[in-house]
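What follows is a single structure, written as structure tokens, with notes after it.
First the proteins, then the strands, lettered A, B, ... as listed; each starts at 1.
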Amino acid sequence: MGTLVWFRSDLRVEDNPALHAASQRSPGRVTGLFIATPRQWERHDWGEPKRDFVRRSVAALADELAGRGITLRVEVCPTFAQVPETLVEIARQTDSRAVYFNRELEWNERQRDAAVVRKLDRMEIESAAFDDQTLIPPGEIETSTGKPYSVFTPFFRNWSRRLEDSGLDLPLPAPEAGDAVEVPPMENWPDSRDWPAHRLWPAGPHEATRRLESFLDDAARRYHEDRDLPHRAATSTLSPYLAVGAISARSVLWQAVRANGGELIQGQPGITLWLRQLAWRDFYRHVLVGFPRVSKYRAFREETETIEWNDDPEALEAWKSGRTGFPIVDASMRCLAETGWLHNRLRMIAASFLTKDLLLDWRQGEEHFMRSLVDADLANNNGGWQWAASTGTDAVPYFRVFNPWTQSKRFDPKAQFIRRFVPELDELPNGAHHDPKHLATDRPATYPAPLVDHQAARRRAIAAFRDR
DNA sequence: AGGCAATTTGG
DNA sequence: CAAATTGCC
């Protein structure tokens with residue numbers, strides 16, 4: 001009897017637990033399925049970059065599967081509500097008596113999967129769910145009082161000890177090559193036009209592996225020194241690939257540990273620090289499962305729900321379009337719009353500016369990032385925003401307000417990043433891009449004056465948090 | 001994964 | 001008197 005593998009954010013054949021198990025159970029009788037849910041994606045603020053990247057990643061997956069004799073069916077449901085019915089129908093059409101999938105962790109996704117499993121049970125179709133989203137599944141590590149961690153450092157200690165003690169699992173092999181099948185055209189996909197920046201982000205597992213290997217061969221050795229300098233290519237740029245599951249976190253960990261002489265928390269300082277970022281990814285996923293309110297437009301720190309945010313659509317629009325008059329913020333926001341991606345240091349600066357300097361609700365920033373990022377991922381994006389806004393787990397204390405001028409001077413001293421994305425400031429001398437006094441007297445007419453005075457805005461933000 | 005300014009330190 | 005340290009937001 002056949003087995004249906006339902007792909008979601010695990011768009012790969014290597015190290016895919018559900019696909020691997022299905023291939024063991026039903027050799028030669030596996031069918032793949034991906035269900036596009038355009039109205040659900042809209043509700044989840046998936047923008048064009050993310051939707052385009054998923055479409056191309058699904059196409060790459062279909063090719064990979066076809067070479068292994070597995071057909072990938074692509075279906076469309078408006079929302080998750082129609083998914084159980086569709087799954088049962090496809091299982092019937094493909095003569096599949098079981099549906100295998102890798103768990104997703106977001107609230108709506110978990111509700112959807114529970115409804116799917118109930119429906120499959122009623123129809124006497126077997127189902128099996130596998131852990132794939134994290135290196136240690138949520139719930140498997142907890143504080144000494146049995147609660148999910150809400151502070152990163154103790155989480156990291158436990159997480160790394162667990163991984164070191166258990167040893168790393170070898171990534172699972174892809175199903176063996178079989179008689180190739182034809183790849184059906186994805187004619188029913190909801191969007192057809194290409195996102196303008198799609199060439200910056202080739203989809204598929206080969207590109208993911210290429211980025212990982214080239215990073216580990218080179219930039220990873222300097223990661224601890226260069227990672228905060230956005231004009232250097234110091235980071236892996238793997239985030240979009242991890243978000244859609246074009247590569248698994250296990251494979252990434254495996255290769256990074258190997259490049260680090262087998263060490264997880266010792267060895268080369270660059271790789272070690274980078275491995276810590278994988279722990280942040282697990283941490284925010286554990287938080288999402290342990291504290292579902294964070295994904296329901298609620299703050300982790302409930303006392304911050306009474307903060308009186310500004311209602312200022314014009315300031316929000318200036319921030320989104322990169323016209324705040326703060327060069328580092330504007331360069332960041334234009335980079336995000338043009339490329340679908342932003343260096344993490346710049347995400348922090350842009351987020352601190354929105355929530356503290358403009359005192360705008362972090363949810364407005366979170367939504368804009370989700371809509372703009374090619375790596376859009378609820379757990380990481382929400383975690384990052386609530387960190388910057390001081391509303392989250394292990395967040396920056398409210399009185400720690402980034403000074404955008406200082407951040408700019410420290411991390412883009414020669415304005416190489418700023419000049420690239422704010423060309424009207426290209427001619428300014430070094431130093432001027434971080435100096436409000438200089439900009440006040442010597443600023444091109446086309447570039448806006450600063451939206452706020454940082455010192456005054458800082459005092460206002462601290463007062464708003466203190467007096468909530 | 002801060003910033004700021006008062007205070008102390010050290011040449 | 002500049003640099004490091006401290007206390008506070």
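- Note on A:Asn344: a base of the nucleic acid sits closer than 4.0 angstrom, heavy atoms only.
- A:Trp254 does not carry A:Arg250 over the face of its six-membered ring by the limits of under 6.0 Å from the centre and within 45° of the normal.
- The list of side-chain hydrogen bond (donor to acceptor under 3.5 Å, both in side chains) pairs with a residue in residues 445-454 of chain A, not counting sequence neighbours, reads A:Asp330-A:Tyr447, A:Asp357-A:His454.
- Of the residues in residues 458-468 of chain A, A:Arg458, A:Ile462 come within less than 4.0 Å of DNA chain C through at least one heavy atom, sorted by number.
- Residues A:Asn102 and A:Gln133 have side chains that never bring a donor and an acceptor to within less than 3.5 angstrom of each other.
- Applying the salt bridge (Lys or Arg N to Asp or Glu O under 4.0 Å) rule to A:Arg458 yields no partners; only residues at least two apart in sequence or on another chain are considered.
- For DNA chain B, the outermost nucleotides in 5' to 3' order that have an atom under 4.0 Å from a heavy atom of chain A are B:dA1 to B:dC4.
- For A:Glu424 and A:Arg334, the salt-bridge test passes: some basic side-chain N is under 4.0 Å from an acidic carboxylate O.
- Partners of A:Arg460 according to the side-chain hydrogen bond (donor to acceptor under 3.5 Å, both in side chains) rule, which considers only residues two or more places apart in sequence or in another chain, do not exist here.
- Scored by the side-chain hydrogen bond (donor to acceptor under 3.5 Å, both in side chains) test, A:Arg301 finds A:Glu303 as partners (sequence neighbours excluded).
- Heavy atoms of A:Arg276 sit nowhere under 4.0 angstrom from any nucleic acid atom.
- Residue contacts shown for A:Arg347 are absent, as no nucleic acid heavy atom lies under 4.0 Å away.
- A:Tyr241 pairs in a ring-ring contact (aromatic ring centres under 6.0 Å, His included) with only one of the listed residues (A:Phe215, A:Trp341, A:Phe53), which is A:Phe53.
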